[in-house]
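See below for the structure under consideration.
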Amino acid sequence: MRTPLIAGNWKLFKTIDEATGMVKELKTLVAATAGVEIVVAPVFTALSRVADSLTGSNIRLAAQDCFWEEEGAYTGEVAPKLLVDAGCSHVIIGHSERRQYFGETDETVNKKAKAAISAGLTAIVCVGETLAEREADRTFTVIETQLKGGLAGFSADQLAKSVIAYEPVWAIGTGKTASDAQAQEVHAFIRSLLVNLFGQSAAEAMRILYGGSVKPDNVKGLMSQNDIDGALVGGASLKADSFAAIANFAS
Ligand code: PGA
């Protein structure tokens with residue numbers, strides 16, 4: 001059985017005070033939530049303080065990106081071991097906004113994911129097609145290229161420390177969620193690719209999250225699909241009550 005993972009990606013929102021204020025509320029709302037891994041991903045500058053606020057709770061901490069080198073003359077970058085130092089257990093890698101605006105490629109995703117895992121982090125590797133790609137019937141080709149590139153050279157052990165997030169770009173922040181069936185179709189395709197690349201049991205153990213306009217009122221349907229093992233939530237993760245409602249999808 002795969003433990004569901006509900007991750008909140010706060011993107012470029014919230015000051016330190018806003019972030020710690022929200023987790024204070026969230027902690028209470030999910031204190032009784034069992035059998036679900038809950039993760040929040042604030043901006044870099046809030047990580048350490050949010051980590052302090054999360055001490056003793058069942059909520060874990062993620063960064064939204066990282067670099068692949070441990071240290072050196074790389075102005076502006078943050079190394080995976082510094083994320084661990086700040087209290088992170090997870091890191092999001094290859095989000096479509098990073099691919100779209102910051103030149104992230106499958107190759108950099110692969111380098112970052114490997115570096116994150118060797119620092120002890122769980123890498124949440126994002127893939128997803130644009131609307132133009134879906135309309136041109138290229139969804140499966142795009143996902144296959146991103147997945148193979150992102151996980152290139154992975155050992156079984158590295159795979160076990162990863163999570164895949166399928167986020168159709170056309171569904172992110174648009175209010176247009178993929179239907180349960182549309183999402184399940186791609187999730188099943190991703191799992192079949194993982195079977196081919198890493199074998200049946202490794203693929204069965206992998207968590208594949210759905211992201212793109214996940215809300216309290218559509219999470220149940222998505223989570224009832226065979227190959228959907230969690231959610232990567234943007235907008236609806238910014239408020240404690242809506243994010244808690246998503247994390248409590250099973251109750
Ligand atoms: P959204 O964002 O929930 O606001 O669509 C999801 C994401 O970008 O991870």
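Order of listing sets the numbers, starting from 1, for every ligand and every atom in it. Nothing here was measured: the structure is a model prediction, and the numbers come from that model.
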Spell out, as yes or no, whether a donor-acceptor pair under 3.5 Å connects the side chain of Asn110 to the backbone of Ala152.
yes
Give the numbers and elements of all ligand 1 atoms closer than 4.0 Å to a heavy atom of Gly212.
5 (O)
For His95, atoms of ligand 1 separated by under 4.0 Å from a heavy atom
7 (C), 8 (O), 9 (O)
Stepwise salt bridge (Lys or Arg N to Asp or Glu O under 4.0 Å) check, Glu204 with Arg191:
CA-CA 7 Å; Glu204 287 294 332; Arg191 202 173 308 280; 5.1 Å; no
Donor-acceptor pair, distance only, cut-off 3.5 Å: does the side chain of Gln64 make one with the backbone of Lys11?
yes
Please identify which atoms of ligand 1 are closer than 4.0 Å to at least one heavy atom of Gly173.
1 (P), 4 (O), 5 (O)
At under 4.0 Å between heavy atoms, what of Ile172 touches ligand 1? The answer is both
List, one per line, each side-chain donor-acceptor pair under 3.5 Å for residues 240-251, sequence neighbours excluded.
unit_1: Ser242; atom_1: OG; unit_2: Ala236; atom_2: O; d: 2.7
unit_1: Ser242; atom_1: OG; unit_2: Lys239; atom_2: O; d: 3.4
unit_1: Asn248; atom_1: OD1; unit_2: Thr33; atom_2: OG1; d: 2.4
unit_1: Asn248; atom_1: ND2; unit_2: Leu29; atom_2: O; d: 3.3
unit_1: Asn248; atom_1: ND2; unit_2: Ala244; atom_2: O; d: 3.1
unit_1: Ser251; atom_1: OG; unit_2: Asn248; atom_2: O; d: 2.9

Would you mind reporting whether Thr55 and Lys27 have side-chain heavy atoms less than 4.5 Å apart?
no
Just distances here: any N/O of Val233 and N/O of ligand 1 closer than 3.5 Å?
no
Given that the side chain starts at C-beta and the backbone is N, CA, C, O, which of these parts of Ala171 lies under 4.0 Å from ligand 1, counting heavy atoms, or is it both or neither?
backbone
Can you pull out the closest protein heavy atom to atom 3 (O) of ligand 1? Residue, atom name and distance to 0.1 Å, please.
Gly234 N, 2.8 Å
Donor-acceptor pair, Arg98 side chain versus Ile93 backbone, under 3.5 Å?
no
Could you work out, for atom 7 (C) of ligand 1, the closest of Lys215, Glu167, Lys176 by heavy-atom distance?
Glu167
Could a heavy atom of Ala236 be found less than 4.0 Å from some atom of ligand 1?
no
Any salt bridge between Lys81 and Asp85, counting N to O under 4.0 Å?
no
Does Gly211 reach ligand 1, in the sense of a heavy atom lying below 4.0 Å from it?
no
Among protein heavy atoms, which lies nearest atom 4 (O) of ligand 1, and at what distance?
Gly235 N, 2.8 Å
According to the interplanar angle, ranging from 0 to 90°, do the rings of Tyr74 and Phe67 count as parallel (below 30°), tilted (30 to 60°) or perpendicular (above 60°)?
tilted
Show me which atoms of ligand 1 lie under 4.0 Å from any heavy atom of Ser213.
1 (P), 3 (O), 5 (O)
Would you find a donor on one side and an acceptor on the other, under 3.5 Å apart, between the side chain of Thr108 and the backbone of Glu104?
no
Which ligand 1 atoms, with their elements, are less than 4.0 angstrom from a heavy-atom of Asn9?
9 (O)
